[in-house]
Q: 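First, the structure itself, so that you have it in front of you.
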Amino acid sequence: SFTEKAASDFSDVFYVTKEGNTFSQSGFSFPVNDREYYTAIFRDKYDLFINPTVRSKIDGTPIMVLAKAIKDETGEPTGILCASIPLSTFSSILTNSELSNVGDIVLIDDQGRFIIHQEEEWLFQKFDPLKYGIKNRSTEDVINSDNTCLKTVDVHGTPIQLFCSKIGNT
């Protein structure tokens, strides 16, 4: 059913206290006051924050965290409701889309790190083609490009055409 499918897309749903402690659906408890979403909600007063890609504190898998402020009657945040989504969920959606017919799909975050890559050892890594003799088009160069096509090499040094489309801030 739709409900089961939606639930399977989340690796965990949890509540965060003002002190940074968690109460999670999975039963795990871990401090999160070192995460960007914690600071964004409690210090910077965001209502909703999508955390840049991190590794799960539960099992180390790459995830994105959606965080929604819970506020009291004065509008002050008292907690955070969070849902963590494994990057494999996004990868699966992209792999099953029409885009997969044109080649491998990778996503690069705003720091130039791969957040979706068909080879897991490249997750959270930056790519610098200088070691293959290519003088430009590292992942850091790509994040400064808009919609374009670049000649570069893949992570194995094979020449490729890279089609880029920048996704704006969320």
Side-chain angles (χ1 to χ4, degrees), residues 3-16 20-42 44 46 48-69 79-129 131 137-145 150 152-158 160 162-170:
T3 306
E4 291 169 346
K5 172 65 179 130
S8 71
D9 289 339
F10 296 105
S11 58
D12 202 7
V13 176
F14 53 99
Y15 177 79
V16 179
N21 300 314
T22 60
F23 298 94
S24 73
Q25 174 189 16
S26 64
F28 289 97
S29 183
F30 40 85
V32 295
N33 50 352
D34 61 334
R35 298 290 197 180
E36 280 188 58
Y37 61 85
Y38 177 85
T39 303
I41 301 283
F42 285 114
D44 301 334
Y46 280 72
L48 179 66
F49 189 77
I50 301 174
N51 203 86
T53 307
V54 293
R55 290 211 177 263
S56 166
K57 290 193 174 195
I58 296 173
D59 61 11
T61 58
I63 59 170
M64 290 182 79
V65 177
L66 306 176
K68 172 73 174 117
I80 310 171
L81 181 60
C82 297
S84 57
I85 304 170
L87 290 184
S88 59
T89 298
F90 293 108
S91 183
S92 181
I93 290 167
L94 291 172
T95 299
N96 293 322
S97 74
E98 290 182 20
L99 293 174
S100 65
N101 295 332
V102 297
D104 293 329
I105 297 171
V106 297
L107 288 182
I108 299 169
D109 68 10
D110 61 349
Q111 298 171 33
R113 302 175 305 163
F114 289 110
I115 58 171
I116 292 181
H117 196 282
Q118 64 276 13
E119 297 177 47
E120 190 164 326
E121 66 268 16
W122 280 98
L123 293 175
F124 297 106
Q125 302 297 315
K126 292 182 180 180
F127 176 62
D128 184 0
K131 70 181 193 178
R137 305 306 182 208
S138 67
T139 53
E140 289 178 318
D141 293 327
V142 171
I143 63 173
N144 293 316
S145 302
L150 309 170
T152 187
V153 294
D154 69 12
V155 295
H156 302 290
T158 305
I160 61 169
L162 182 64
F163 296 91
C164 304
S165 183
K166 186 179 258 185
I167 300 170
N169 293 338
T170 55

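Please read all numbers here as calculations on a predicted model, not as lab measurements.
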Q: Could you check whether any side-chain heavy atom of Ile50 comes within less than 4.5 Å of a side-chain heavy atom of Met64, counting everything from C-beta outward?
A: yes
Q: In Å and rounded to the nearest 0.5 Å, what is the CG to CZ distance from Asn33 to Arg35?
A: 11.0 Å
Q: Rounded to the nearest 0.5 Å, how far does CD1 of Ile41 lie from CG of Leu48?
A: 7.0 Å
Q: Are side-chain heavy atoms of Phe14 and Val65 found at a separation under 4.5 Å?
A: yes
Q: For Asp34, enumerate each residue passing the side chain to side chain contact (heavy atoms under 4.5 Å, CB included) test, keeping only those at least two apart in sequence or located in another chain.
A: Lys57
Q: Can you tell me how far the OH atom of Tyr38 sits from the CZ atom of Phe49, to the nearest 0.5 Å?
A: 14.5 Å
Q: Are side-chain heavy atoms of Ile63 and Leu87 found at a separation under 4.5 Å?
A: no
Q: Check whether any side-chain heavy atom of Ser29 sits under 4.5 Å from a side-chain heavy atom of Phe23, and report yes or no.
A: no
Q: Mind checking what makes side-chain hydrogen bond (donor to acceptor under 3.5 Å, both in side chains) contact with Thr61, not counting sequence neighbours?
A: Asp59
Q: List for me each residue that meets side-chain hydrogen bond (donor to acceptor under 3.5 Å, both in side chains) alongside Thr53, sequence neighbours excluded, and say none if there are none.
A: none
Q: Can you name the nearest heavy-atom pair linking Gly79 to Tyr15, along with the distance?
A: CA-OH, 3.3 Å
Q: According to side chain to side chain contact (heavy atoms under 4.5 Å, CB included), who are the partners of Ile58, at least two apart in sequence or on a separate chain?
A: Asp12, Ser26, Phe28, Phe30, Ser56
Q: Taking the side chain as every heavy atom from C-beta outward, state whether Val16 and Asn21 have any atom pair closer than 4.5 Å.
A: no
